[in-house]
Amino acid sequence: MSTILVTGATGTLGAPVVERLRQTDHQVHTLSRHPDPQDPNAHAVDLRTGEGLDTALTGVDTVVHCASSPTGGDLQAATHLLRSARANGVTHLVYVSIVGCDSVPLGYYRTKHTVEEALLASGLGVTVLRATQFHQLVAAVCARAARLPVMPYPDVDVQPVDPGEVALRLARLAQQEPSARVPDLGGPRVESFHDLARAYLDATGTSRRLLPVRLPGATFAAYRAGAHLAPEHAVGRTTFAEYLAHT
């Protein structure tokens with residue numbers, strides 16, 4: 001039995017990772033900015049500052065790094081985590097990244113790729129898993145767009161995946177030896193955003209005319225080219241329509 005700590009433990013991905021790991025024989029610790037005050041193994045740490053991180057990593061064997069922020073701070077968080085993990089004898093760091101982070105020239109993607117490279121070059125035992133976009137992200141984009149009289153949508157294909165399925169893979173990887181970069185994890189289908197938007201409108205009983213949007217620039221071109229997709233790794237099972245039906 002080992003001690004496994006999950007960062008971002010209250011988030012969309014971190015919470016199901018914790019749930020999966022608690023079904024094993026390992027001791028599970030959690031880290032987040034707003035942890036459960038009733039959990040004796042929960043640590044309140046802001047990775048962007050690193051304050052309290054050494055205490056949280058004392059006695060930890062494996063870290064599953066799920067904490068992330070599209071608004072910035074991931075590089076600082078990774079720097080603090082690497083430094084503390086090395087100082088406290090962590091032997092395995094599992095990191096979840098994004099499919100296409102080395103091809104889509106979006107700031108958040110580039111940051112993910114930089115963190116990947118830093119971890120893999122750190123000398124620590126590291127496992128990196130890239131996943132496609134979560135169902136929740138697609139639903140959030142649809143919800144915002146559906147507020148308008150005409151619903152715009154990006155004219156690209158998407159391969160959304162259920163974070164619970166990503167969590168299952170991460171929990172398994174955390175119990176194995178470090179494996180560097182492992183095969184990507186994609187959702188069960190590559191679908192047009194038009195079809196996903198239509199599914200969202202149908203599921204919510206909303207009537208809107210759909211308006212495809214194509215933007216200039218390298219980022220949108222990379223999406224149009226499918227750089228964010230992993231059709232050869234379509235191992236997820238829950239479709240976007242099934243996700244909507246359950247939420």
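Everything numeric here is computed off the predicted structure, so don't read it as measured data.
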Out of curiosity, does Val63 fall in the hydrophobic cluster containing Val6 (side-chain heavy atoms, cut-off under 4.5 Å, transitive links)?
no
Hphob cluster co-occupancy, Leu81 + Val90, side-chain heavy atoms under 4.5 angstrom:
yes
Taking Arg86 for its side chain and Ser122 for its backbone only, find out whether a donor-acceptor pair lies under 3.5 Å.
yes
Considering all heavy atoms, the nearest Ala44-Arg33 contact
CB-O, 4.3 Å
For the residue pair Phe193 and Tyr153, categorise the inter-ring angle as parallel (less than 30°), tilted (30 to 60°) or perpendicular (more than 60°).
parallel
Heavy-atom side-chain contact between Lys112 and Val115 under 4.5 Å:
no
Do the side-chain N and O atoms of Ser97 and Glu116 include a donor-acceptor pair separated by under 3.5 angstrom?
yes
Would you tell me whether Thr91 and Asp61 have side-chain atoms, one donor and one acceptor, within less than 3.5 Å of each other?
no
Do Arg130 and Arg181 come close enough that some side-chain heavy atom pair is under 4.5 Å?
yes
Greater than 12 external heavy atoms within 6.0 Å of Arg237's CZ:
no
Nearest 0.5 Å please: distance from the CZ atom of Arg110 over to the SG atom of Cys101.
11.5 Å
Is it the case that atom CD in Gln23 sees more than 12 heavy atoms from other parts of the structure closer than 6.0 Å?
yes
Look at the aromatic rings of Tyr223 and Tyr109 and report parallel, tilted or perpendicular, splitting at 30° and 60°.
perpendicular
Identify whether Leu229 and Val104 are in the same connected component of the hydrophobic contact network (ILVMFWY, side-chain heavy atoms under 4.5 Å).
no
Using the side chain to side chain donor-acceptor pair (under 3.5 Å) definition, which of the options Thr55, Thr79, Thr58, Asp54 pairs with Ser84?
Asp54
Within a reach of under 6.0 Å around CD of Gln176, are more than 12 heavy atoms found that belong to other residues, nucleotides or ligands?
yes
Tell me whether Val141 is reachable from Val158 by hopping between hydrophobic residues (I, L, V, M, F, W, Y) whose side-chain heavy atoms are closer than 4.5 Å.
yes
If I compare all heavy atoms of Pro163 with all of Pro16, which pair ends up nearest, and what's the gap?
O-CG, 4.4 Å
Hydrophobic clustering (ILVMFWY, side-chain heavy atoms < 4.5 Å, transitive) - are Val126 and Leu13 grouped together?
no
Walk me through whether Leu119 and Leu124 qualify under side chain to side chain contact (heavy atoms under 4.5 Å, CB included).
CA-CA 7 Å; Leu119 293 176; Leu124 291 176; over 6 Å; no
Strictly distance-based, threshold 3.5 Å: is any side-chain N or O of His135 a donor or acceptor partner for the main-chain N or O of Thr238?
yes
If you look at every heavy atom in Leu21 and Ile4, which pair is closest and at what distance?
CD1-CG2, 3.7 Å
Take Leu201 and Ser207 through the test side chain to side chain contact (heavy atoms under 4.5 Å, CB included) and record every step on the way to the result.
CA-CA 7 Å; Leu201 293 176; Ser207 178; over 6 Å; no
